[in-house]
Amino acid sequence: INCRAKFANTHVRIFIYLAMHIEAFLSSSFGHIRIEISENGLRSLSFVKDLPDEVGDNPPAAVPYIRQIEEYLEGDRTSFDLEIDWSGVPPFHQQVLKMVRTIPYGKTRTYKQLAMVLGKPGAIRAVGQANGRNPIALVVPCHRVLGTNGQLTGYAYGLELKRQLLELENPQAFHHQMAMFEEAGL
């Protein structure tokens with residue numbers, strides 16, 4: 001909306017931007033999920049404890065997002081082709097999360113590996129922080145990042161969910177890896 005107003009011989013031009021903001025919810029065997037979509041794409045995907053009391057039908061614009069998320073959680077999708085709205089994400093975090101987004105389905109990387117690829121070998125903790133503040137779970141698969149020794153570490157939604165997601169993506173490798181941890185007493 002573009003408005004013009006005249007106040008005491010002064011012309012003021014006022015711009016009002018009505019940004020698209022869509023919120024949608026879905027339930028899965030992995031938990032309840034809240035997604036937020038802006039005019040630039042997916043802004044947030046998070047697991048929530050409970051759904052709001054009054055959840056109506058999801059808006060039509062959310063359907064492609066919901067469909068891809070459901071397909072992933074059912075094991076029928078290995079990648080997402082959704083636009084991401086990176087606004088509000090600091091530049092270094094964007095760099096890390098864009099790198100995380102390239103980790104193939106069913107594979108894992110360590111925080112150290114990501115830091116090395118980014119050319120910042122001393123930034124392992126900073127990479128971990130950026131990964132931990134990922135606003136777009138699943139689509140930016142931060143669950144695929146492991147501790148330097150290959151252990152399951154830190155996941156905003158709990159290590160059990162991280163285990164479940166890794167198992168969904170690669171059951172054979174996951175069970176082999178967990179057996180190695182158990183044998184080592186980790």
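By the neighbour-count criterion of 12 heavy atoms within 6.0 Å, atom CG of D57 is sparsely surrounded, having that number or fewer from other residues, nucleotides or ligands. At most 12 non-hydrogen atoms from other residues, nucleotides or ligands lie less than 6.0 angstrom from CD of E83.
Residues R101 and I84 have side chains in contact (heavy-atom distance under 4.5 Å, counting atoms from C-beta outward). You'll find the side chain of I33 stays beyond 4.5 Å of the side chain of F25, heavy atoms only. Side-chain atoms of H32 and L26, non-hydrogen and from C-beta on, never get closer than 4.5 Å to each other. Side-chain contact between W86 and K98 is present, with heavy atoms from C-beta onward closer than 4.5 Å. In this structure, L73 and S29 have side chains that are not in contact, with every pair of non-hydrogen atoms separated by 4.5 Å or more.
Across all non-hydrogen atoms, the minimal contact from T153 to L146 is OG1-C, 4.1 Å. Between Y65 and G41, the shortest heavy-atom contact is OH-CA, 3.7 Å. Closest non-hydrogen pair, L97 versus A130, comes out as CD2-O, 3.8 Å. Contact record, I69 with L138: CG2-CD1, 4.2 Å, taken as the closest heavy-atom pair. Shortest non-hydrogen contact noted between K107 and R109 is CB-NH1, 3.7 Å. Scanning both residues, L82 and P64, for their nearest heavy atoms gives CD2-O, 4.3 Å.
Rounded to the nearest 0.5 angstrom, I35 CD1 and R43 CZ are separated by 14.0 Å. We find the NE2-CD1 distance between H143 and I103 to be 9.0 Å, quoted to the nearest 0.5 Å. In this structure, CD1 in I136 is found 7.5 Å from CG in D85, a value given to the nearest 0.5 Å. A distance of 8.0 Å separates CG of N134 from OH of Y155, quoted to the nearest 0.5 Å. Summarising the geometry, atom CZ belonging to R67 is positioned 9.0 Å from atom CZ belonging to R77; distances are rounded to the nearest 0.5 Å. For the atom pair OG of S87 and CG of N40, the computed distance is 6.5 Å after rounding to the nearest 0.5 Å.
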Identify all side-chain donor-acceptor contacts of residues 115-124 below 3.5 Å with residues at least two apart in sequence or on another chain.
none

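A salt bridge between E169 and R144 is present, with a side-chain N of the basic residue lying under 4.0 Å from a carboxylate O of the acidic one.
The closest side-chain donor-acceptor pair between D81 and Q68 falls under 3.5 angstrom. A donor-acceptor contact closer than 3.5 angstrom is absent between the side chains of Y157 and Q164.
Aromatic rings of Y72 and F80 (six-membered ring for Trp) have centroids within the 6.0 Å cut-off, being under it.
Linking ILVMFWY residues whenever their side-chain heavy atoms come closer than 4.5 Å, directly or via other members, places L114 and Y105 in the same cluster. Residue L166 is grouped with residue L159 when hydrophobic side chains (ILVMFWY) are merged at heavy-atom distances under 4.5 angstrom, including chains of intermediate members.
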Review point. So I66 and N58, side chain to side chain contact (heavy atoms under 4.5 Å, CB included) or not? Walk me through it.
Key: CA-CA 9 Å; I66 293 169; N58 284 315; 3.2 Å; yes
Check your understanding: Are R34 and S44 close enough, and set up right, to give a side chain to side chain contact (heavy atoms under 4.5 Å, CB included), and what steps lead you there?
Key -> CA-CA 8 Å; R34 175 189 174 272; S44 170; 3.8 Å; yes
Exercise for review: Check the pair E160, K162 against salt bridge (charged side-chain N to carboxylate O under 4.0 Å, His left out), reporting the backbone distance first and the verdict last.
Suggested key: CA-CA 5 Å; E160 182 56 34; K162 185 172 187 167; over 6 Å; no
